[in-house]
Amino acid sequence: MNTSLIYELLYKDKRTKARRGRITTPHGVIETPVFMPVGTQATVKAMKPEDVEKTGAQIILANTYHLFLRPGSDIVREAGGLHRFMNWNKPILTDSGGFQVFSLGHMNKITEEGVRFSSHIDGSRHMLSPEKSMEVQNDLGSDIMMAFDECAPPNATRKYIESSQEMTTRWLKRCVAAHKNPDRQALFGIMQGGFFRDLREKSASAITALDLPGYAIGGISVGEPKEEYVGVLEYAPDLLPENKPRYVMGIGTPDYIFEAVEHGVDMFDCVEPTRIARHGVAMTSHGRVNIKNAKYQRDFGPLDPECDCYACRNYSRAYLRHLFKAGETMSHMLLTEHNLRFLSKLSEDIRRSIEEDRFLELKEEFYSKYYG
RNA sequence: CGGCAGGUGGCACAGCGGCGACUGCAGGCGGCUGUAACCCGCUCACACAGAAACACGUAGGUUCGAGUCCUACCCUGCCGA
């Protein structure tokens with residue numbers, strides 16, 4: 001039945017819930033835990049696909065809402081699907097547009113049927129529903145499709161979160177019914193419920209009953225304090241089946257990644273590395289480096305001496321700073337490539353540490369270098 | 001030599017009787033979490049406003065009060081000899 005995706009649990013850490021796994025999709029294998037770069041508009045900003053691949057990326061994201069508005073999923077379908085359209089032949093995961101219900105909330109009207117959007121591009125009115133989201137994602141041909149959910153704001157009332165979570169569950173059933181290509185595209189359900197444990201439990205039990213190929217934890221890392229984020233991780237992954245991949249949506253800082261993995265999460269994505277790169281910030285083995293800072297003006301050493309990426313092997317901080325201050329696109333390219341490599345490398349280190357039962361040691365070493 | 005137009009923070013501009021003076025860029029610092037993001041925020045003399053400070057070419061003058069009006073001078077640009 002779930003021929004679209006196979007998850008193998010390879011090894012479980014002895015002291016934490018961290019796990020080493022492998023996902024097989026129609027476009028290839030994904031070793032987990034895995035960080036997935038975001039390529040919203042069918043491109044990882046400032047990067048060519050081959051360079052994304054060189055950083056070690058195994059799978060990237062694209063976005064239903066954005067590609068629905070432009071160029072339109074029919075065009076992508078006619079182009080032969082998203083992989084071919086954007087020349088990325090490894091796995092692709094498409095978000096459903098659910099996050100835009102949250103991030104573009106002020107331009108939306110949510111009803112049981114779906115969400116009426118005002119396009120952020122030209123203001124035109126559109127409807128995104130579970131059925132429409134599935135149709136678009138079927139057109140795109142992604143390996144992993146996300147259910148159309150409502151990602152509620154972190155400060156919403158319990159009452160709101162509860163009804164929102166229930167609607168997300170009803171929407172999930174409609175997604176399952178509308179999905180036209182379950183043999184080639186795996187549909188993941190999304191757990192909601194805010195920061196209320198009983199609502200998370202309700203959500204989990206409802207969505208896992210549908211026996212989907214994978215599950216995500218949504219609605220966290222949306223601006224809440226870190227303690228609340230970790231609070232949900234303490235129990236939420238355990239509410240999901242052990243034999244299916246678990247995905248926390250929207251995390252990309254090392255500490256959030258370590259926390260998620262430690263609690264049994266396999267997949268995560270974030271715009272963080274690509275966005276901060278374009279804003280002049282690099283994640284390095286010794287912490288964040290804001291390349292804009294005047295102190296790097298005459299720093300002719302590499303961005304991160306311990307990194308093996310193209311930028312670190314060939315250019316100095318002084319040069320990267322110059323490029324950024326001069327507004328050169330090259331600085332976006334180099335910093336993005338570096339940050340993606342950094343998180344891929346971090347994922348590799350995490351996977352190896354789990355295999356060797358040294359996950360906690362790695363975490364401690366990393367924290368003292370990065371945050372110390 | 002004459003005519004005209006100007007001289008305001010590093011640069012470019014606004015203000016044309018109440019200014020301890022707008023905005024942009026540049027500079028400094030910070031933030032970005034399923035991407036409306038090459039974006040956003042703060043800062044850019046000191047004092048944390050009450051007899052002072054000061055980015056309004058200089059010096060006088062008019063006025064309760066002048067970057068703002070008048071006079072002279074010094075610069076700059078354009079035009080004409």
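A note on names: the letters A, B, ... follow the listed sequences, proteins ahead of strands, and every chain is numbered from 1. All values derive from a computational prediction rather than experimental measurement.
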Using the C1' atom as the reference point in each nucleotide, state the distance between B:A14 and B:U23 in Å, no decimals. 7 Å
Whole Å only: how far is the CG atom of A:D149 from the C1' atom of B:G34? 9 Å
Which listed nucleotide (B:U33, B:U35, B:G34) is nearest to the side chain of A:K45? B:U35
Nearest-nucleotide pick for A:R288, side chain only, options being B:C38, B:G27, B:G31: B:G31
Among B:G30, B:C32, B:G27, the one nearest A:N293 by side-chain distance: B:G30
Report the distance from atom CD of A:Q100 to atom CZ of A:F68, rounding to the nearest 0.5 Å. 12.0 Å
For atom C1', what is the distance between B:C16 and B:C69, given to the nearest Å? 9 Å
Could you work out the complete set of other residues in the hydrophobic cluster of A:L320, with links drawn between I, L, V, M, F, W and Y side chains under 4.5 Å apart? A:V289, A:I291, A:Y296, A:L303, A:Y310, A:Y315, A:Y319, A:L323, A:F324, A:M330, A:L334, A:L335
Atom NZ of A:K292 to atom C1' of B:U43: distance rounded to whole Å? 14 Å
Torsion-based syn/anti label for B:C19, 90° from 0 as limit: syn
Pairwise C1' distance for B:C32 and B:C39, with rounding to whole Å: 9 Å
Any A:Q100 side-chain N or O less than 4.0 Å from OP1/OP2 of B:U35: yes
With a 4.0 Å cut-off, would you call A:K202 and A:E162 a salt bridge? yes
In whole angstroms, how far is the P atom of B:G34 from the CZ atom of A:F148? 16 Å
Could you tell me whether the phosphate oxygens of B:A36, OP1 or OP2, come under 4.0 Å of any side-chain nitrogen or oxygen in A:S119? no
Looking at B:C29, I'd like to know if its phosphate oxygens (OP1 or OP2) sit under 4.0 Å from a side-chain N or O belonging to A:N290. no
Any sub-3.5 Å donor-acceptor pair from A:T336's side-chain atoms to A:M333's backbone N or O? no
Measuring to OP1 and OP2 of B:C40, would you say a side-chain N or O of A:R275 lies under 4.0 angstrom away? no
Describe the nucleic acid contact of A:V248 in one word from base, sugar-phosphate, nothing, applying a heavy-atom distance below 4.0 Å. nothing
Per atom distances to the A:T253 side chain, the nearest of B:U35, B:A36, B:U33 is B:U33
Side chain of A:H120: nearest nucleotide among B:A36, B:G27, B:C38? B:A36
Please pick, from B:G28, B:C32, B:G34, the nucleotide with the shortest atom-to-atom distance to any side-chain atom of A:M249. B:G34
Check each of A:R246, A:R351, A:R20, A:R19 against A:D266 using the salt bridge (charged side-chain N to carboxylate O under 4.0 Å, His left out) test, and report the only one that passes. A:R19
For B:U33 and A:S221 - does any side-chain N or O of the residue sit under 4.0 Å from the phosphate oxygens OP1/OP2? no
For B:C13 and B:A21, measure between their C1' atoms and round to the nearest Å. 13 Å
